[in-house]
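Working notes, structure below.
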Amino acid sequence: TITIKSLYRQTKEFVDKEITVAGWVRTIRDSKAFGFIEVNDGTFFKNLQVVFEEQNISNFKEITKIPVGTAIIVQGTLVETPNAKQPFELKASKIEIEGMSTSDYPLQKKRHTFEYLRTIAHLRPRTNTFSAVFRVRSLAAYAIHKFFQERGFVYVHTPIITGSDAEGAGQMFRVTTLDMDNLPKNKDGSINYSEDFFGKSTNLTVSGQLEGETYCMAFRNIYTFGPTFRAENSNTARHAAEFWMVEPEIAFADLKDDMELAEDMLKYIINYCMENAPEEMEFFNNFIDKTLFDRLNNIVNSEFGHITYTEAIELLKKADEKFEYPVEWGLDLQTEHERYITEKIFKKPVFVTDYPKDIKAFYMRLNDDNKTVAAMDLLVPGVGELIGGSQREERLDYLEKRMEELSLKKEDYWWYLDLRKYGGTKHAGFGLGFERAIMYITGMTNIRDVIPFPRTVNNADF
Ligand code: 4AD
Ligand code: MG
């Protein structure tokens, strides 16, 4: 069989030839002696129009009755149709039914809301929007690997089940083989993990960073790219309990190098998707977000903005906008503040750097002012925080002191501290929320619509 993608890409090779195509019926209509089927075979965003005539195929009556969703195999001749909407059509000489659908198929030809399509997550990749989203998701994942591999980064598979809390924020899903209804207890009432599979308290990883840093100190430049989990009970359009994160880590590098890497990577992914999924991107620009191409071109061709947290607070205080949450040095920026900075002030992606140490993770490098850390968040219009990263604290004494302040036990991080003891160097890294990047590239506004089977609050049907 020939793929519909090759029909579109190498049309000349197939015109006036007898070919076979296998796919699913998207729409079907017929008049007395002939009919049209829009077939999609999954290889390409666009459909192939099949024309079938009573005089040419033996099972004409049967074919006019097949429901949408049916899988068929069509043999016929490809003919160019220069005056029609589509560039060519297939004149069928034979149509075989490979797998029947039924008349209650939920994806009849009409507009469905994204909310409804979420309830049929197993069928939604058959729609235009989701076929485009998930092909772009696949390409973007490939682009990420390509970007890092071309630069000599080593891909490290960090564990999904882990005994440490990388962010020290406690938003973890427990992993245990213990009977939750009958937990074994120590004398002091604490849970006795000696009967657990791992012999200690474990959880699903919130970030591969700490393990990634260990490989950074061996390979110099590494990246992770895998699922991460957060038990945040935040029911927003930008948070999921299970999401994928890309986390590079670079040695002999500081915060500036880190931001350069992030900017190069993001531009690379966008360019790759524009070049390799032109039909899908065109569709997003026409039907999902009419400003998409302007926005993406602006990003690819501009230099990202830079502002320190302290400067950002000053600007926000002077803003002519009424914010719901207070703006005060020392408080974290809320989504409304982030959006104001990137959408109203800069109108492009912007790195906010040097946050107060108390609102950032323990591993970030303390600045000379003793108040702020060498952190960076990349904020982008529409999405808000896309990337979070920092230069890491490489000085053992500083790191130990910070961990003490935060009551983090040294024993739990002994291997992490070893990195500072044995040839620790200046190093930095960041985490890109992969789903947020996909939202940004496609213009989709809900994280549930860029994950095949989203895991959010009260959502684990599939
Ligand atoms: O800012 P975060 O929490 O940073 C880290 O985890 C660091 N260890 C990364 C590093 O330096 N290696 O998360 C990084 C990014 C965020 O900027 C955001 O894009 C995404 O991960 N993210 C989420 N995406 C979807 N749903 C959630 N619940 C997310 N939490 C974070
Ligand atoms: Mg963050």
Side-chain angles (χ1 to χ4, degrees), residues 140 144 148 153 156 158 162 164-173 204-216 221-250 253 255 257-259 261-262 265-266 269 309 332-335 338 342 349-353 355-356 359-365 373-380 382-393 416 427-441 444-451 454-457 459:
I144 284 163
F148 286 115
F153 283 59
V156 182
T158 50
T162 167
S164 60
D165 176 3
E167 291 301 294
Q171 298 170 322
M172 300 178 299
F173 287 101
L204 295 178
T205 186
V206 295
S207 155
Q209 179 195 321
L210 302 194
E211 291 92 347
E213 278 184 58
T214 70
Y215 273 63
C216 172
N221 292 337
I222 64 102
Y223 68 107
T224 71
F225 186 8
T228 49
F229 306 85
R230 305 242 171 131
E232 313 180 71
N233 201 345
S234 39
N235 215 342
T236 80
R238 306 179 309 130
H239 289 87
E242 176 177 331
F243 62 99
W244 281 55
M245 206 173 359
V246 181
E247 295 185 276
E249 195 71 31
I250 48 180
L255 192 67
D257 301 314
D258 203 30
M259 289 189 280
L261 181 68
M265 178 196 69
L266 198 58
I269 305 170
Y309 166 90
D332 211 351
L333 299 179
Q334 301 297 320
T335 303
E338 296 181 340
T342 183
V350 49
F351 287 107
V352 179
T353 60
Y355 285 78
I359 56 172
K360 287 293 182 187
F362 73 94
Y363 50 71
M364 297 189 180
R365 193 179 196 280
V373 286
M376 61 96 155
D377 275 6
L378 179 68
L379 312 180
V380 297
V383 176
E385 181 191 334
L386 192 61
I387 287 176
S390 69
Q391 187 171 333
R392 317 308 188 188
E393 184 57 83
Y416 189 67
H427 65 294
F430 65 80
L432 164 78
F434 184 55
E435 284 76 14
R436 293 199 187 162
I438 301 304
M439 290 167 73
Y440 191 50
I441 294 170
M444 298 294 285
T445 52
N446 196 308
I447 198 164
R448 292 164 184 79
D449 296 330
V450 298
I451 305 179
R455 286 297 90 100
T456 49
V457 179
N459 189 2

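One-based numbering, in listed order, for ligands and for the atoms of each.
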What residues, two or more places apart in sequence or in another chain, satisfy side-chain contact (heavy atoms from CB on, under 4.5 Å) together with Ala140?
-> Ile269, Cys273, Phe434, Ile438

Can you name the residues that form a side-chain contact (heavy atoms from CB on, under 4.5 Å) with Asn446, not counting sequence neighbours?
-> Arg118, Ala237, Arg448, Asp449

Looking only at protein heavy atoms, identify the closest one to [atom] and say how far it is in Å.
atom	answer
atom 4 (O) of ligand 1	Glu167 OE1, 4.0 Å
atom 20 (C) of ligand 1	Gly433 CA, 3.6 Å
atom 15 (C) of ligand 1	Gly431 O, 3.6 Å
atom 1 (O) of ligand 1	Glu385 OE2, 3.1 Å
atom 18 (C) of ligand 1	Arg436 NH1, 3.4 Å

Should His239 be counted as touching ligand 1, given the test is an N or O pair under 3.5 Å?
-> no

Decide whether an N or O pair under 3.5 Å exists between Leu386 and ligand 1.
-> yes

By number and element, which atoms of ligand 1 are closer than 4.0 Å to a non-hydrogen atom of [X]?
X	result
Glu232	27 (C), 28 (N), 30 (N)
Ser207	6 (O), 8 (N)
Glu247	7 (C), 8 (N), 9 (C), 10 (C), 12 (N)
Ile447	25 (C)

Let me see the working for Ser234 and Thr236 under side-chain hydrogen bond (donor to acceptor under 3.5 Å, both in side chains), right down to the final yes or no.
-> CA-CA 6 Å; Ser234 39; Thr236 80; 5.4 Å; no

With a cutoff of 4.0 Å, is [X] in contact with ligand 1, counting heavy atoms of the residue only?
X	result
Ala240	yes
Arg392	yes
Tyr363	yes
Leu210	no

Any chance CZ of Phe225 has more than 12 other-residue heavy atoms, nucleotides or ligands included, within less than 6.0 Å?
-> yes

Please walk me through it: do Asp258 and Arg392 pass salt bridge (Lys or Arg N to Asp or Glu O under 4.0 Å)?
-> CA-CA 11 Å; Asp258 203 30; Arg392 317 308 188 188; 6.0 Å; no

Ring pair (Phe, Tyr, Trp, His ring centres under 6.0 Å) partners for Phe148, two or more places apart | Phe153, Tyr223

Option nearest atom 25 (C) of ligand 1 (shortest heavy-atom distance, choices Arg238, Glu435, Gln171, Arg230) | Arg238

Should one rank Phe434, Phe243, Tyr440 by closest heavy-atom distance to atom 22 (N) of ligand 1, which comes out on top?
-> Phe243

Parallel, tilted or perpendicular for Tyr355 and Tyr309, by the 30°/60° rule?
-> tilted

Gln209 and Tyr363: CA distance, side-chain angles, deciding distance, side-chain hydrogen bond (donor to acceptor under 3.5 Å, both in side chains) verdict | CA-CA 10 Å; Gln209 179 195 321; Tyr363 50 71; 3.0 Å; yes

Polar protein atoms (N, O or S) that approach the Mg ion (ligand 2) to under 2.8 Å = Glu385 OE2

Quick one: do Glu167 and Arg230 make a salt bridge, cutoff under 4.0 Å?
-> no

Backbone, side chain, both or neither: what part of Ile387 comes under 4.0 angstrom of ligand 1, heavy atoms only?
-> backbone

